[in-house]
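This report concerns only the one structure given below.
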Amino acid sequence: MLKIGLTGSIGMGKSTAAKLFADAGIPVNDSDAVVHDLYAGEAAPLVNAAFPGTMKNGAVDRRELGRQLALDPDGFKRLEAIVHPLVRKRETGFLKRQRAAGADMVLLDIPLLFETGAVTRVDVVVVVSTGPQIQRQRVLAREGMTEEKFDMILSRQTPDTEKRRRADYLIDTSYSIATTRERVFEIVADLKTRIAKGDFRNA
């Protein structure tokens with residue numbers, strides 16, 4: 001079973017691309033969605049223990065957590081030590097279910113694919129990208145986003161130029177959704193051809 005790793009910096013259109021892969025019939029494991037689920041459940045008390053006052057009504061208050069992390073950037077390492085093993089456990093379960101279902105390929109949507117070393121767990125890397133001006137416009141249009149917060153997030157992410165260099169496939173979302181969809185379906189068709197040829201015998 002081929003494991004596609006999808007990644008891209010904030011505001012590049014990765015979530016849209018992941019939905020388009022799902023439209024193409026590829027099972028998708030969305031790490032962001034998994035984290036949201038964990039924050040509303042089993043991770044909440046663990047995060048609250050490390051960052052007191054971040055749990056409200058049994059779930060992590062992401063705004064308060066973000067406030068604390070802005071004051072203490074080293075806290076990201078503590079947070080990752082709590083969350084990443086739980087995310088990995090969910091991912092393992094997803095892969096097991098899809099393998100049992102006979103899927104020929106799956107997509108792992110991992111925002112910090114390169115930063116966390118998750119690239120070693122995938123067979124092919126797809127990077128979603130756009131120009132810096134479009135990226136900035138998209139991100140700053142989000143509710144609660146500021147220039148400072150955006151710069152902090154960017155500082156923790158592998159530069160887009162480096163991601164592009166390490167990509168097996170690139171999706172440029174500077175254009176229309178229809179163009180992005182066409183590119184996604186093109187990548188899926190190419191991967192299916194390569195699987196049939198036996199290019200990924202160890203996948």
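Here, residue 1 is the first one in the sequence, and each next residue gets the next number.
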- Message: When you compare the side chains of Lys163 and Ser9, does any donor N or O come within less than 3.5 Å of an acceptor on the partner?
- Response: yes
- Message: Please find the pair of heavy atoms, one from Thr130 and one from Gln135, that lie closest to each other, and give the distance.
- Response: CG2-N, 3.9 Å
- Message: Tell me the closest heavy-atom pair linking Phe150 and Met145, and the distance in Å.
- Response: N-SD, 3.7 Å
- Query: When rounded to the nearest 0.5 angstrom, what is the spacing between CG in Asp30 and CZ in Phe94?
  - Reply: 10.0 Å
- Co-membership, hydrophobic cluster, residues Val34 and Val28, 4.5 Å side-chain: no
- Query: Under 3.5 Å, side chain of Gln68 to main-chain N/O of Pro52, donor-acceptor pair present?
  - Reply: yes
- Message: Between Asp160 and Arg164 (salt bridge meaning N to carboxylate O under 4.0 Å), is one present in this structure?
- Response: yes
- Message: Quick one, Met1 and Met105 - any side-chain contact, counting heavy atoms below 4.5 Å?
- Response: no
- Item | Enclosure of Phe76 CZ (heavy-atom neighbours >12, cutoff 6.0 Å) | yes
- Query: Which heavy atom of Thr179 sits nearest a heavy atom of Ser176, and at what distance?
  - Reply: OG1-OG, 2.9 Å
- Supply the atom-to-atom distance Arg97 CZ to Asn29 CG, rounded to the nearest 0.5 angstrom. 8.0 Å
- Would you mind reporting whether Glu162 and Arg166 have side-chain heavy atoms less than 4.5 Å apart? yes
- Whether Thr116 side chain and Leu112 backbone form a donor-acceptor pair below 3.5 Å: yes
- Task: Starting from the C-alpha separation in whole Å, work towards a yes-or-no answer on side chain to side chain contact (heavy atoms under 4.5 Å, CB included) for Leu79 and Leu65.
- Result: CA-CA 10 Å; Leu79 182 64; Leu65 178 61; 4.0 Å; yes
- Task: Evaluate side chain to side chain contact (heavy atoms under 4.5 Å, CB included) for Ile110 paired with Leu6, printing each intermediate quantity in order.
- Result: CA-CA 6 Å; Ile110 307 176; Leu6 180 74; over 6 Å; no
- Message: For Gln137 and Gln133, which I'm curious about, is there any donor-acceptor pair between the side chains at under 3.5 Å?
- Response: no
- Query: At what distance, to the nearest 0.5 angstrom, does CD of Glu80 lie from CZ of Arg156?
  - Reply: 5.0 Å
- In terms of hydrophobic clustering (I, L, V, M, F, W, Y; side-chain heavy atoms under 4.5 Å; direct or indirect links), are Ile82 and Val35 co-clustered? yes
- Query: Looking at CD1 of Ile4 and CD1 of Ile187, how far apart are the two atoms once the value is rounded to the nearest 0.5 Å?
  - Reply: 8.5 Å
- Query: Would a distance-only check, ignoring hydrogens and angles, find a side-chain to backbone donor-acceptor pair under 3.5 Å from Arg138 to Met12?
  - Reply: yes
- Query: Any chance the side chains of Thr180 and Thr173 put a donor and an acceptor closer than 3.5 Å?
  - Reply: no
- Item | Main-chain N/O of Thr54 paired to Asp61 side chain as donor or acceptor, under 3.5 Å | no
- Query: Crowded around Ile177 CD1? As in, over 12 foreign heavy atoms under 6.0 Å?
  - Reply: no
- Is there a side-chain contact between Asn48 and Val60 (heavy atoms, below 4.5 Å)? no
- Query: Ignoring hydrogens and geometry, is there a side-chain-to-backbone donor-acceptor pair from Arg183 to Leu170 under 3.5 Å?
  - Reply: yes
- Given the rule in the salt bridge (Lys or Arg N to Asp or Glu O under 4.0 Å) test, do Glu42 and Lys89 qualify, once you have shown the distances and angles that lead to the verdict? CA-CA 12 Å; Glu42 62 185 298; Lys89 184 179 174 184; 5.2 Å; no
- Task: Starting at CD1 of Ile26, measure out to CG of Leu20 and round the result to the nearest 0.5 Å.
- Result: 12.0 Å
- For Asp190 and Tyr169, test the side chains for any donor-to-acceptor distance below 3.5 angstrom and give the result as yes or no. yes
- Message: Working note: Asp32 + Lys14, criterion side chain to side chain contact (heavy atoms under 4.5 Å, CB included); need CA distance, chi angles, decisive distance, verdict.
- Response: CA-CA 11 Å; Asp32 275 343; Lys14 183 179 59 59; 4.0 Å; yes
- Task: Using a cut-off of 6.0 Å, state whether more than 12 heavy atoms not belonging to Asp151 lie near its atom CG.
- Result: yes
- Query: Counting only heavy atoms not in Arg142, do more than 12 fall under 6.0 Å of its CZ?
  - Reply: yes
- Message: Less than 3.5 Å apart, any donor N or O on the side chain of Asp109 or Ser31 sitting next to an acceptor on the other?
- Response: no
- How far apart are the closest heavy atoms of Gly41 and Pro45, and which atoms are they? O-CD, 3.5 Å
- Message: Would the distance check show the side chain of Thr7 and the main-chain N or O of Pro111 forming a donor-acceptor pair, the cut-off being under 3.5 Å?
- Response: yes
- Non-hydrogen side-chain atoms of Leu113 and Val127 separated by less than 4.5 Å: no
- Query: Should we count CD of Glu186 as having more than 12 external heavy atoms under 6.0 Å?
  - Reply: yes
- Note on the structure: Between Glu64 and Gly53 the two heavy atoms that sit nearest each other are CG-O, 3.6 Å
- Item | Presence of salt bridge, Glu91 and Lys3, under 4.0 angstrom | no
- Task: State plainly whether one hydrophobic cluster holds both Val83 and Met55, where clusters connect Ile, Leu, Val, Met, Phe, Trp and Tyr through side-chain heavy atoms under 4.5 angstrom apart.
- Result: no
- Query: Can Ile10 and Leu154 be said to form a side chain to side chain contact (heavy atoms under 4.5 Å, CB included), step by step?
  - Reply: CA-CA 8 Å; Ile10 184 171; Leu154 278 184; 4.2 Å; yes
- Do NZ/NE/NH1/NH2 and the carboxylate oxygens of Lys192 and Asp104 come within less than 4.0 Å? no
- Interatomic distance, CG@Asp72 vs NZ@Lys77, rounded to 0.5 Å, equals 11.0 Å
- Transitive ILVMFWY side-chain link Leu69 to Leu38, under 4.5 Å: yes
- Item | Distance-minimising heavy-atom pair for Ala44 and Ala59 | CB-CA, 4.0 Å
- Same cluster or not: are Ile153 and Phe51 linked, directly or through other Ile, Leu, Val, Met, Phe, Trp or Tyr residues, by side-chain heavy atoms under 4.5 angstrom apart? no
